[in-house]
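Accompanying notes for the structure given below.
So that the names make sense, note that chain A is the first sequence line, chain B the second, and so on, each numbered from 1.
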Amino acid sequence: MSEPSNTPTQSNFIRDIMIADRESNKHGGTVRTRFPPEPNGYLHLGHAKSICLNFGLAAEFGGTTNLRFDDTNPAREEQEYVDSIIDNVRWLGFQWDKALFASDYFEQLYQWAVQLIKQGQAFVCDLPAEEMRKYRGTLTEPGTHSPYRDRSIEENLDLFARMRAGEFPDGARTLRAKIDMASPNLNMRDPVMYRILHAHHHRTGDDWCIYPMYDYAHGQSDSIEGITHSICTLEFEDHRPLYDWFVEQLGIHHPQQIEFDRLNLTYTVLSKRKLLQLVTEGHVRGWDDPRMPTLSGIRRRGYTPEALRSFCGVIGVGKTNGINELGLLEHYVREDLNKRVNRVMAVLRPVKVVIENYPDDTVELLEAVNNPEDAAAGSRTVPFSKVIYIEQDDFREVPPKQFYRLSPGKEVRLRWGFFITCTGVVKNDAGEVVELRATYDPASRGGNSPDGRKVKATIHWVSAAHAIDAEVRVYETLFSKENPNQVPEGGDFLDNINPNSLEVLTGCKLEPALVGSVPGDKVQFERLGYFCVDNDSTPGNLVFNRTVALRDSYAKIEKREQGK
RNA sequence: UCCCCGAUCGUCUAACGGUAGGACAGCGGCCUUUGGAGCCGUGAGUCGUGGUUCGAAUCCAUGUCGGGGAGCCA
């Protein structure tokens, strides 16, 4: 079996099908896919999986992918969503062959409906929604024929034309396929093809007052576009026989539908309905809130398309319905950022340190490496002076065992700077540490002592006189439960919202190299994590988002100790 | 109760009747001017029961468990 070039990191059953189809020349050896979102919400991580699959596979086999908006329901679709989707797909790094809309096919779809009526395979039904449900039967009992099922072709043609002409009010009639009311597959029990909806459509305006159901539009849209492999999620498995039926009766190109398991992630909800609810009820600051799993949100958070693509490539594709660990995604974010992003020092919760034996008005410029993973990133200078800030967390008056940062009498290294030894602690009336005293070893400039003396820890710092202030937003998962949908009787997913998902830190002290940062800039704050400049920043007031923390093995030790 | 789909380390995923492998997570170590990164090592799995076969994660039967299905939503 010959493997295509550009083999992805991992194969999957859909790819295997494409390889087999190419071998057997099933679709003339070509692959044409499509990504078919409904423009009724923002794209999220689950869509990223589908996008990577559709575009990735087509590209691998030398085929093309269309972006098609399945806009068959004017009630909930909007241009804003179309725009965001286009923007998101581009950002992810994919280029579509054509950008299309199911609404482009409304006339063709209508003509095909007429054809089915003429073939005696569709009829106009006057049953109100309530009644139609009764006639449909149940999961265990067959349905019964609509009393309108045997209308003549002429009458159906006339009625359908008048539906289109706007002669009837919303919900008065439907066009239904005539299939099998006894089918164990409910989708085959004379499903609705068209409903009357006097609604303004975001693209066709008021041209139509009847709109095709997704089930009637989707397969034919694929067919029109010559889609070979129509990839969709598992819940459409039961619909496949219906899609097959339509294209067979119509005698048109028959795309091959393949269903895969949608993405689930721990601590995350990936349902458009729930995401919309989070936005409209104000639980987050908008679709692009950095805590949201939307592509707009994670982009603002600082995730990269490269990391996302790696993640999607490695999670695999199957039909199992599992839940992926958020940690795996974060791993790929760190992996990507680690090699591309510059290091810089920032103190988020500052405590002042006065270096008693350092001259009062001297400033030294110390050289600091920008990225140990990338020699080409070069180096910069960092100002050092008598008063500096360090992280509150890096000092313990009474150090627990295995804590080897600063504590009274202990010596640590200031990154790219000097060794300092803590000589005193200044507290306020409440007993809180407000300032530390220290001495430094001038011979240790740059970070090494000529006498070969070792220190256990290296901590980051910022010169007080040179620091720039900033706001830093530290995020945790939006939900505190691995599976946010798991709730006790009577509760809902909102009960699992993590009250600590956003912590806003102000008065953070940044190294001066960060002046002039612009939204989207990404850096690593040494020892803390990856951060990016938020769009809320103004030239005088930088705002950073924590994209993801660095792995922290001391935190693990600490947790373990506390658990004892 | 009826139909469809699925079940492999903690999680996700490979195997296509012939040695159950990888990634993440975990654990141990090395290295380190980030308790970062990197490197090395290690524990951990075929849902149950029958059957077919020289040989079964894979094929068959059956049970169990999980997911989906009765919108004029997609």
Those residues that, when tested against [X], pass side-chain contact (heavy atoms from CB on, under 4.5 Å) (two or more places apart):
X       : result
Y267(A) : T477(A), E482(A)
N342(A) : N370(A), N371(A), A377(A)
P442(A) : Y440(A)

Write down the distance between [atom1] ([X]) and [atom2] ([N]), rounded to a whole number of angstrom.
X       : N      : atom1 : atom2 : answer
I315(A) : A23(B) : CD1   : P     : 17 Å
R262(A) : C12(B) : CZ    : C1'   : 18 Å
I14(A)  : C16(B) : CD1   : C1'   : 17 Å

With a 4.0 Å limit, can you tell me whether [X] has a side-chain N or O closer than that to the phosphate oxygens OP1/OP2 of [N]?
X       : N      : answer
T320(A) : U13(B) : yes
R15(A)  : A14(B) : no
K454(A) : U32(B) : no

Determine if the base of G29(B) is syn or anti; take syn to mean the glycosidic torsion is within 90° of 0. anti
Set of residues satisfying side-chain hydrogen bond (donor to acceptor under 3.5 Å, both in side chains) with respect to [X], sequence neighbours excluded:
X       : result
K134(A) : E131(A)
D261(A) : K49(A), T320(A)
S230(A) : R34(A), D222(A)

A correct 5'-to-3' footprint of nucleotides 67-74 of chain B, with B, S and - meaning base, sugar-phosphate only and no protein heavy atom under 4.0 Å, is SBBBSBBB
Considering only side-chain heavy atoms of K319(A), which listed nucleotide, G28(B), A23(B), G6(B), is closest? G6(B)
So if I take every side-chain heavy atom of L328(A) and compare against A23(B), U1(B), C16(B), which nucleotide ends up nearest? A23(B)
Which pairs, with at least one residue in residues 160-187 of chain A and sequence neighbours excluded, count as a ring pair (Phe, Tyr, Trp, His ring centres under 6.0 Å)? Y110(A)-F160(A), F160(A)-Y194(A)
Residues 167-189 of chain A vs side-chain hydrogen bond (donor to acceptor under 3.5 Å, both in side chains), sequence neighbours excluded, gives D126(A)-R173(A), R162(A)-E167(A)
Flag the pair F260(A) / F13(A) as yes when their ring centroid distance falls below 6.0 Å, and as no otherwise. no
Among Y530(A), F525(A), F531(A), find the one that has a ring-ring contact (aromatic ring centres under 6.0 Å, His included) with F544(A). F525(A)
Working to the nearest 0.5 angstrom, can you tell me the gap between I420(A) CD1 and E411(A) CD? 9.0 Å
At a cut-off of 3.5 Å, list every protein nitrogen or oxygen paired with a nitrogen or oxygen from nucleotides 43-48 of chain B, distance to 0.1 Å.
none

Contiguous pairing runs of three or more, Watson-Crick or G-U under 3.5 Å, that involve RNA chain B: B:2-7 with B:64-69, B:10-13 with B:21-24, B:26-30 with B:38-42, B:47-51 with B:59-63
Using a cut-off of 6.0 Å, state whether more than 12 heavy atoms not belonging to K319(A) lie near its atom NZ. yes
Mark yes or no: K274(A) above the aromatic ring of F493(A), with NZ or CZ under 6.0 Å from the six-membered ring centre and no more than 45 degrees from the axis. yes
Taking atom C1' in both U42(B) and A25(B), compute the distance separating them and give it to the nearest angstrom. 14 Å
For a side chain to side chain contact (heavy atoms under 4.5 Å, CB included) check, start with the C-alpha distance between F69(A) and L100(A), then their side-chain angles and the critical distance, and finish with the verdict. CA-CA 6 Å; F69(A) 295 91; L100(A) 302 162; over 6 Å; no
Check: protein-nucleotides 35-38 of chain B nitrogen or oxygen pairs below 3.5 Å:
from   : atom 1 : to      : atom 2 : distance (Å)
G35(B) : OP1    : T458(A) : O      : 3.4
G35(B) : OP1    : R527(A) : NH1    : 2.8
G35(B) : O3'    : S553(A) : OG     : 2.9
G35(B) : O2'    : S553(A) : N      : 3.4
G35(B) : O2'    : S553(A) : OG     : 3.3
G35(B) : N7     : R405(A) : NH1    : 2.8
G35(B) : O6     : Y404(A) : N      : 2.9
G35(B) : N1     : Q402(A) : O      : 2.7
G35(B) : N2     : Q402(A) : O      : 3.4
G35(B) : N2     : Y404(A) : OH     : 3.1
G35(B) : N3     : Y404(A) : OH     : 2.9
G36(B) : OP1    : S553(A) : OG     : 3.1
G36(B) : N2     : E373(A) : OE2    : 3.0
A37(B) : O2'    : N338(A) : ND2    : 3.0
A37(B) : O2'    : E373(A) : OE1    : 3.3
A37(B) : O2'    : E373(A) : OE2    : 3.0

